[in-house]
There are 2 protein chains.
Amino acid sequence: MADAPKEDLLQLEKLLCFSVYSASHAFNRIYKPLLDELGLTYPQYLVMVSLWQEDNQSVRSIGEKMYLESSTLTPLLKRLEAADLVSRKRDPKDERSVRVSLTEAGAALRTKAEKIPTCILEATGLDLETAKRLHRDLRSMRNHLEASAVKG
Amino acid sequence: MADAPKEDLLQLEKLLCFSVYSASHAFNRIYKPLLDELGLTYPQYLVMVSLWQEDNQSVRSIGEKMYLESSTLTPLLKRLEAADLVSRKRDPKDERSVRVSLTEAGAALRTKAEKIPTCILEATGLDLETAKRLHRDLRSMRNHLEASAVKG
DNA sequence: TGATATTAAATCGTGCGCGATTTAATTTAT
DNA sequence: ATAAATTAAATCGCGCACGATTTAATATCA
């Protein structure tokens with residue numbers, strides 16, 4: 001455990017950011033065949049998860065939970081609308097915001113989606129305890145990163 | 001620690017994949033201002049890291065290390081070439097493959113980049129031990145995910 | 001009240017990231 | 001030696017993801 005020379009920190013596999021980057025793409029690839037059956041992309045699936053948890057959210061609310069801008073969400077939500085999974089309506093109380101609600105088909109899709117998370121956990125090769133620890137460490141890290149991104 | 005009901009698994013913050021997804025974007029946002037000074041995007045930076053570690057690689061070799069397809073790398077490498085950071089030449093031994101090499105400017109950029117990883121580690125808010133554990137858990141998971149993606 | 005500021009979505013341009021296909025070079029098997 | 005199979009990049013279309021800007025609605029304040 002001698003301290004690593006400086007150049008060691010500039011090796012791809014030694015960068016924590018790279019392990020996150022590549023893990024994220026790995027998840028994407030694992031999910032793809034499962035989500036293809038539902039007609040969803042990976043980010044669309046995450047939006048649907050958020051709506052299954054809480055229906056009738058504003059674009060802003062979804063964006064805060066997912067850490068995404070309206071410039072990302074608006075086109076994505078329009079595609080979900082075109083697929084008849086959600087509806088988008090201006091809030092009568094405040095015409096600035098758009099409320100996103102599940103259609104019948106969108107709500108029904110939940111049943112098909114419910115088996116996915118356990119399928120995925122298996123593919124990670126992690127025991128439940130490690131998975132929980134990893135989950136906790138990642139959220140802690142993300143919250144710190146988001147906080148220092150805001151501060152600049 | 002009672003076993004969670006099934007619907008609990010379909011909450012955004014309870015999905016391991018989402019913690020990876022959002023952490024990946026958080027890294028992107030943290031790196032951006034630092035990389036802007038180098039004139040690099042985040043994926044371009046990762047390619048440069050790989051080349052600083054081992055110069056004169058084929059597109060295929062870079063793709064294997066980064067888990068990326070040529071359809072992603074070719075345009076990215078052309079942008080690095082346009083920025084005079086790398087050169088792309090067909091391998092005379094095998095004209096199918098393209099060798100990517102650092103230019104003088106590309107090699108020189110390494111010095112400016114060396115201070116970045118330690119800046120980032122600080123922003124994660126992780127102590128060194130947790131960071132190492134997280135790194136190890138992530139790579140293990142990614143390797144499992146990649147393996148089961150191949151198997152189908 | 002009317003001007004100003006703030007807020008929420010939408011729009012636009014750039015750069016990934018991937019699957020499917022194409023092109024060209026090399027390898028293999030006949 | 002030639003046909004068939006394999007391999008490496010490149011190309012194309014689609015969908016994120018973001019920063020910057022725009023548009024429209026609401027809130028604030030003079």
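Lettering follows sequence order; numbering is per chain, from 1.
- Where A:P92 and B:S58 meet DNA chain D, the nucleotide closest to each residue was compared, and B:S58 sits on the side nearer the 5' end.
- B:L73 comes within contact range of no nucleotide atom at all, as no heavy-atom separation falls under 4.0 Å.
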Practice problem: Give the C-alpha distance, both sets of side-chain angles, the deciding distance and a yes or no for side chain to side chain contact (heavy atoms under 4.5 Å, CB included) between A:V100 and A:D55. | Solution: CA-CA 8 Å; A:V100 182; A:D55 197 358; over 6 Å; no
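- Residue A:R99 is out of contact with every strand shown, counting any heavy-atom pair closer than 4.0 Å.
- B:E69 has its CD atom 12 Å from the C1' atom of D:dA9, to the nearest Å.
- Atom CE in B:M66 sits roughly 7 Å away from atom P in C:dG17 (whole-Å rounding).
- Residue B:E122 qualifies as open at atom CD: its count of foreign heavy atoms under 6.0 Å is 12 or below.
- For B:R88, a side-chain nitrogen or oxygen approaches OP1 or OP2 of D:dA10 to under 4.0 Å.
- With D:dA25, D:dT11, D:dA17 as the candidates, the nucleotide lying closest to the side chain of A:L68 is D:dA17.
- Whole-Å rounding puts the B:E81 CD to D:dA10 C1' distance at 13 Å.
- Residue A:T74 is the one, among A:Y21 and A:T74, whose nearest nucleotide of DNA chain C lies closer to the 5' end (criterion: closest heavy atom).
- Between B:K89 and the phosphate of D:dA9, there is no side-chain N or O to OP1/OP2 separation shorter than 4.0 Å.
- In this structure, A:D91 places its CG atom 12 Å from C1' of D:dA25, rounding to the nearest Å.
- Note: CG (B:L40) to P (C:dT14) measures 19 Å, nearest angstrom.
- Not one side-chain nitrogen or oxygen of B:S71 sits closer than 4.0 Å to the OP1 or OP2 atom of D:dC12.
- Spacing between atom CZ of B:R90 and atom C1' of D:dA8 amounts to 7 Å, rounded to whole angstrom units.
- Below the 3.5 angstrom threshold, one finds a donor paired with an acceptor across the side chain of B:S70 and the base of D:dA10.
- Rounded to an integer number of Å, the gap from A:R60 CZ to D:dA24 P is 21 Å.
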Practice problem: Would you sort out whether B:D91 and B:K93 count as a salt bridge (charged side-chain N to carboxylate O under 4.0 Å, His left out), showing the intermediate values? | Solution: CA-CA 5 Å; B:D91 186 338; B:K93 306 270 187 188; over 6 Å; no
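- OP1 or OP2 of C:dC16 lies within a sub-4.0 Å distance of a side-chain N or O belonging to B:Q44.
- For B:H25, whose side chain is taken as the heavy atoms from C-beta onward, the closest listed nucleotide among D:dC18, C:dG17, C:dA10 is D:dC18.
- If you take CG of A:N28 and P of D:dC14, they are 19 Å apart, rounded to a whole angstrom.
- By the 30° and 60° cut-offs, the orientation of the rings of A:H25 relative to A:Y21 is perpendicular.
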Quiz item: Going through the checks in order, is the side chain to side chain contact (heavy atoms under 4.5 Å, CB included) test met by A:K65 and A:Q57?
Solution: CA-CA 11 Å; A:K65 283 170 187 159; A:Q57 292 184 67; 2.8 Å; yes
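- Looking at heavy-atom distances under 4.0 Å, B:S97 makes contact with sugar-phosphate atoms alone, never a base.
- Each of B:T41 and A:K32 was assigned the nucleotide of DNA chain C with the nearest heavy atom; the assignment lying further toward the 5' end belongs to B:T41.
- Taking only side-chain nitrogens and oxygens, B:R96 never comes nearer than 4.0 Å to OP1 or OP2 of D:dA10.
- Aromatic ring centres of A:Y45 and A:Y31: separated by under 6.0 Å.
- Regarding contacts with the backbone of C:dT11, a side-chain N or O of A:K78 is found under 4.0 angstrom from either OP1 or OP2.
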